[in-house]
Visitor: 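Sharing a structure here in structure tokens format.
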Protein chains: 2
Amino acid sequence: MLITSLTNKQVKYACSLKEKKFRDLENKYLIEGEHLIEMANPSDIECLFTTDLEFKASYPVIYITQPILEKLSFTKNPQNKIAILKKKVQTLSYDKKHYLLLDNVSDPGNVGSIIRSALAFHIDYVVLSKNSVDIYNEKVIRGSQGAFIKVPIVYANLNEVILKLQENKIPVYASCLSNDTIDLKNIESTDSFALIVGNEGQGISKEIIDLADKSIKIEHSDAIDSLNVSVATAIMLYNLLKK
Amino acid sequence: MLITSLTNKQVKYACSLKEKKFRDLENKYLIEGEHLIEMANPSDIECLFTTDLEFKASYPVIYITQPILEKLSFTKNPQNKIAILKKKVQTLSYDKKHYLLLDNVSDPGNVGSIIRSALAFHIDYVVLSKNSVDIYNEKVIRGSQGAFIKVPIVYANLNEVILKLQENKIPVYASCLSNDTIDLKNIESTDSFALIVGNEGQGISKEIIDLADKSIKIEHSDAIDSLNVSVATAIMLYNLLKK
């Protein structure tokens, strides 16, 4: 099938998934580009739009014209494959070793970069507070370089998650800048941990900090107020894990 | 003076500085927002445009209307102060302890984040290869959160810089993923160092890697090709310094 009309029903449906409210409603999202599509599980791909009339796959392929590709794409220079994926239903379990909790982290580029580091540093679950950014936002997907496909990610009430982690003897660390925090260098080695990082401007909410077992910080020059949250998260994960 | 015309000469001059070729020609650049302007040395500020008719300063203040502010601004929701700054002339000296060299790093967001980490982790000079991104690009400025005002930054031929660093007994490390690299964890402590990081896609050029004393890498899961360059740089700086 070759679609040539910009107002085709399937094209309009795919376009609607650029908006969070439709992604939430349909439990689907878009990914763009060969690299990401190759990382995806083919059984999660509902269909793929391409201008490459030779392309074949195990899932439905819909051939489109360049103007339609440009309409579907997020970028000025669209790649020639865009797919609709079904969201995975992930269930959080407490029998793993490494958890990363994001409290209201709101910049999609930061969240993408954090998910990429989470995959690099063996995080078993990324848990986002419900007011955090939508991980199916295209900037998160792009920033994560596809890592978001491989790391289990859930949205949950962080208070409840922290209590359950503690019941399961997993020490919970909050990344924070207040005075009574422990320098990352002085954190003792543990077999498992959960790390909480917070919003770009406000940090972690006080309620969540109070629930954590320890607050930790990265020592840095006074010349700067704080590190970028994705940079700070990566430094913490690397140094908590390498012990 | 209150300017109301979008085609005013000073407005057009300021606007031209959004382009690299005019910044290079004039040795000036724009910064936007109270926070950045407060970080700047007032003697570097050539003039400031604002819609705040009450604002006074030690440098020339030009009052403008909202449409002009919107024309000058880089963002959809402009802050009400935009300044023209003179570029600082920085001279590289080899009597410091910590150098960070960027070989063709091209994403302005990454370079901004790297400069912010460089300030946080006591880097004395950031040296960019001449094909790297322009540090006066507004995305670099924004991403660095003003750190670029405080860290000495120069553009130079990296080959020459590396040879001079080595003459001055400063060990030069290249961040790289090839097989004969040393794990960051196993790098011995040194009083001073220079770290080289490379382009997002290609890494450091072979010529530069061959000049370095050692190649180092960050161990991470095979599930991902590489870390984001600004994340990798921050992890290396933190761990090289903390020893």
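In the text below, chain A, chain B and the rest are named by the order of the sequence lines, each starting its count at 1.
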Visitor: For B/F55, does the six-membered ring have the charged nitrogen or CZ of B/K81 within the cation-pi criterion, i.e. under 6.0 angstrom from the centroid and within 45° of the normal?
Guide: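 Yes; both conditions hold, so B/K81 lies above the ring face of B/F55.
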Visitor: Is it the case that atom CD in B/E46 sees more than 12 heavy atoms from other parts of the structure closer than 6.0 Å?
Guide: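 Yes - once you tally the heavy atoms of other residues, nucleotides and ligands closer than 6.0 Å, there are more than 12.
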Visitor: Chain B: which of A/S117, A/A120, A/A234 shares the most heavy-atom pairs with it under 4.5 Å?
Guide: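 It is A/A120.
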Visitor: Under 4.5 Å from any heavy atom of chain B, what part of A/D225 do you find: side chain, backbone, both or neither?
Guide: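 Side chain only.
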Visitor: Do any N or O atoms from the side chain of B/D213 and from the backbone of B/V172 form a donor-acceptor pair under 3.5 angstrom?
Guide: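 Side chain of B/D213 to backbone of B/V172: a pair is present.
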Visitor: For the NZ atom on A/K71, are there more than 12 heavy atoms of other groups (residues, nucleotides or ligands in this structure) within a distance under 6.0 Å?
Guide: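 Atom NZ in A/K71 is packed in, count exceeds 12.
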Visitor: Give, as side chain, backbone, both or neither, the part of A/T233 having an atom under 4.5 angstrom from any heavy atom of chain B.
Guide: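 Neither the backbone nor the side chain of A/T233 comes within 4.5 Å of chain B.
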Visitor: Which region of B/D183, side chain (C-beta onward) or backbone (N, CA, C, O), has a non-hydrogen atom less than 4.5 Å from a non-hydrogen atom of chain A, or is it both or neither?
Guide: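 It is the side chain, since no backbone atom gets that close.
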Visitor: What residue in B/S113, B/A147, B/G143, B/S226 has the most heavy-atom pairs under 4.5 Å with chain A?
Guide: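 Looking at each option in turn, the highest pair count goes to B/S226.
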Visitor: Is chain A contacted by the side chain of B/Q145, its backbone, both, or neither, given a heavy-atom distance below 4.5 Å?
Guide: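 Neither the backbone nor the side chain of B/Q145 comes within 4.5 Å of chain A.
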Visitor: Can you confirm whether A/K206 is buried at NZ, in the sense that more than 12 heavy atoms of other residues, nucleotides or ligands lie under 6.0 Å from that atom?
Guide: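 Atom NZ in A/K206 is not crowded, with 12 or fewer foreign heavy atoms closer than 6.0 Å.
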